[in-house]
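Shown next, in structure tokens, is the structure this report addresses.
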Amino acid sequence: MSVSRRIKLYFTIIILLGLTVFYPFVVYSTNSLVTELRTLWISTAMETMTHQWLATAFFPEDMVTEVVEARKRMFESQKDVQSVWAQEEQPAVQPVEQPLTEKDKFYAMFDDLDRASTEAFFAEHPRYIENGYENINMDWCEKKEDTGIVTRQGDKVVAINAQKDLMIVELNREGALGTEYTGYIAIVKDPSRVSLGLCKGMGHRAGQRMPELADYNEAILGINASGFIDNGDAAEGGTPYGYVKKDGKKLQGAFGHGYKIIGFDAEHRFLIGDTTTAEQMVDAVEFGPALIVNGEKMQELSSINSLQPRTAIGQREDKTVLMLVINGRNKGGSMGSRGVDCRDILWDYGAVQASNLDGGSSSVMYYQGRVINSPTTSTGNRDGRRLPNGFIVK
């Protein structure tokens, strides 16, 4: 038998084994690991706009339908979920103490920092504190070198901006079934700086990429917010999906389908609820699901446990805003995270209210003039896709 015929025979045998042994095992096995992998595969494919065929072409229709229906049931289970903030009490009069130094004020503000590693960095790079701790503006977001600064949660700090009351932390964690994912969480201490930024000419066909949207809204930091309406053409991101409210004015009504209305009220408190809750909000969009509400983790999130690029937002009891973006589907090795991963990260950083935002090709974080994460788009554009709006820091 010739070499070429032998190779063809081997390939034929492999294909037949795959069709008669491997494929039925993957599709119909009740083994828990196989079931988890199968559900992960289907849900990951079905949450995308362009790769759903990776589920529909290989798995029975009823199996795909069950995964899709589970997502609908999850949103239905959150129908009555609503944020409640306790009335703020007037602080008790405290005895006059010795005034804090600027250094102490800095560490009181950025209480996530591990002080020893931070001081070691400043000892090695004194230029960052030569104008005082209140003027620190350290930005290593795109540097290959490690700052050595870590948070109390053990993650790497890549930017501290004391003038704007914010810092950025790089995440590198293990996800589902041994996968890895990377991303960033921005910790914004002054919630009054956070608002909803709209693209120029919202409602028109073309949205703006995050650098353009941030510049248009005079923002130093931004993440994507709403989903967008795809009319079957090339989705240009100018028309947001669902409810939009800006500066107290409702610009678009709710679409429903189980999504929540999320946003900030006049006291800069992050709220999650329905159209009734939205009456209290100043800036709001429609998305979901809720991840943490009133200090309680949302447990029924299995239908967003696919591996995807993701964006989420949350807030602590002291109103510190947490803005999270996870990379996925990129060459850097990050496969993306599940919804529960986003929930648990925000929980680790103290969130008492938190919600999922649009993900996939929309997931992007902008800081000081450029996109710092690795968006995944069909065009490979480094600045990500066009967006209808974003949560920004002025």
Side-chain angles (χ1 to χ4, degrees), residues 110 112-114 137-161 164-175 180-189 193-194 209-211 213-214 219-225 291 307-316 320-339 341-351 354-377 382-385 387 390-393:
F110 297 106
D112 290 282
L113 287 172
D114 169 73
N137 186 4
M138 180 272 286
D139 181 357
W140 283 39
C141 291
E142 295 175 304
K143 290 191 176 184
K144 294 181 179 180
E145 302 96 327
D146 191 339
T147 63
I149 305 175
V150 295
T151 62
R152 292 181 290 103
Q153 294 82 356
D155 298 307
K156 182 170 67 176
V157 176
V158 293
I160 303 172
N161 192 327
K164 307 299 181 185
D165 300 328
L166 66 86
M167 75 178 194
I168 299 176
V169 177
E170 184 176 338
L171 303 168
N172 195 327
R173 299 194 175 190
E174 184 175 321
E180 294 183 353
Y181 61 89
T182 61
Y184 295 92
I185 182 168
I187 301 172
V188 185
K189 302 299 294 187
R193 292 183 180 271
V194 180
R209 292 184 171 86
M210 184 52 77
L213 192 151
I220 186 176
L221 172 71
I223 60 173
N224 60 292
L291 302 176
L307 298 179
Q308 304 287 355
R310 294 194 182 275
T311 304
I313 187 168
Q315 190 173 46
R316 294 175 177 167
T320 295
V321 177
L322 306 170
M323 304 165 79
L324 174 67
V325 168
I326 301 297
N327 295 319
R329 309 181 208 153
N330 62 43
K331 297 177 181 178
S334 180
M335 296 185 66
S337 73
R338 304 165 297 170
D341 296 320
C342 291
R343 179 199 67 188
D344 291 347
I345 291 169
L346 291 166
W347 178 267
D348 288 346
Y349 277 87
S355 176
N356 188 54
L357 295 171
D358 194 20
S361 61
S362 296
S363 289
V364 62
M365 180 178 285
Y366 165 96
Y367 180 58
Q368 291 198 144
R370 82 286 195 201
V371 168
I372 62 172
N373 75 307
S374 301
T376 172
T377 63
R382 181 67 183 82
D383 292 333
R385 57 158 285 104
L387 304 167
F391 282 113
I392 60 170
V393 179

Would you say CD of Glu180 has more than 12 non-hydrogen atoms from neighbouring residues, nucleotides or ligands within 6.0 angstrom? no
When rounded to the nearest 0.5 angstrom, what distance separates CD1 in Ile187 from OG1 in Thr320? 8.0 Å
Would you sort out whether Val393 and Met323 count as a side-chain contact (heavy atoms from CB on, under 4.5 Å), showing the intermediate values? CA-CA 10 Å; Val393 179; Met323 304 165 79; 3.9 Å; yes
Just how far is it from atom OG1 of Thr147 to atom CD1 of Ile160, taken to the nearest 0.5 Å? 7.5 Å
Does any part of the side chain of Gln308, heavy atoms only, come nearer than 4.5 Å to the side chain of Arg329, both counted from C-beta? yes
Are the side chains of Val194 and Ile392 in contact, using a 4.5 Å heavy-atom criterion? no
Distance col, row Ile223:CD1 vs Ser362:OG, nearest 0.5 angstrom, shows 12.0 Å
Under the side chain to side chain contact (heavy atoms under 4.5 Å, CB included) test, residues paired with Pro375 that sit two or more places apart: Val364, Val371, Asn373, Arg382
Using 0.5 Å steps for rounding, measure from the CG atom of Leu357 to the CG atom of Leu291. 8.5 Å
Among all residues two or more places apart in sequence or in another chain, which pass the side chain to side chain contact (heavy atoms under 4.5 Å, CB included) test with Asp139? Cys141, Ala159, Tyr367, Gln368, Arg370
Rounded to the nearest 0.5 Å, what separation is found between the CG atom of Asp348 and the CZ atom of Arg343? 10.5 Å
Applying side-chain contact (heavy atoms from CB on, under 4.5 Å), run through Leu171 and Leu324 and close with a yes or a no. CA-CA 10 Å; Leu171 303 168; Leu324 174 67; 3.5 Å; yes
Main chain of Asp358, side chain of Asn224: is a donor-acceptor contact present, judged purely on distance under 3.5 Å? yes
Is there a side-chain contact between Lys156 and Asn172 in this structure, where contact means two heavy atoms from C-beta onward sitting under 4.5 Å apart? no
CE of Met210 to CG of Asp383, rounded to nearest 0.5 Å, is 10.5 Å
Report yes if the side chains of Met167 and Asp112 come closer than 4.5 Å at any heavy-atom pair, otherwise no. yes
Verify, without hydrogens or angle tests, whether Arg209 (side chain) and Gly384 (backbone) share a donor-acceptor contact under 3.5 angstrom. yes
side-chain contact (heavy atoms from CB on, under 4.5 Å) for Val169 and Tyr349? Distances and angles first, verdict last. CA-CA 11 Å; Val169 177; Tyr349 277 87; 3.6 Å; yes
Can you name the nearest heavy-atom pair linking Val158 to Met138, along with the distance? O-SD, 3.6 Å
With side chain to side chain donor-acceptor pair (under 3.5 Å) as the test, pick out the partner of Arg173 among Thr182, Asp155, Asp344, Asp341. Asp155
Tyr366 side chain reached by Leu213 side chain, heavy atoms, under 4.5 Å: no
Answer yes or no: are there more than 12 heavy-atom neighbours, outside Met335 itself, under 6.0 Å from its atom CE? no
I want to check something: taking the side chain as every heavy atom from C-beta on, are Ile326 and Cys342 in contact at a cut-off of under 4.5 Å? yes
Would you say Asn161 and Leu221 make side-chain contact, with heavy atoms under 4.5 Å? no
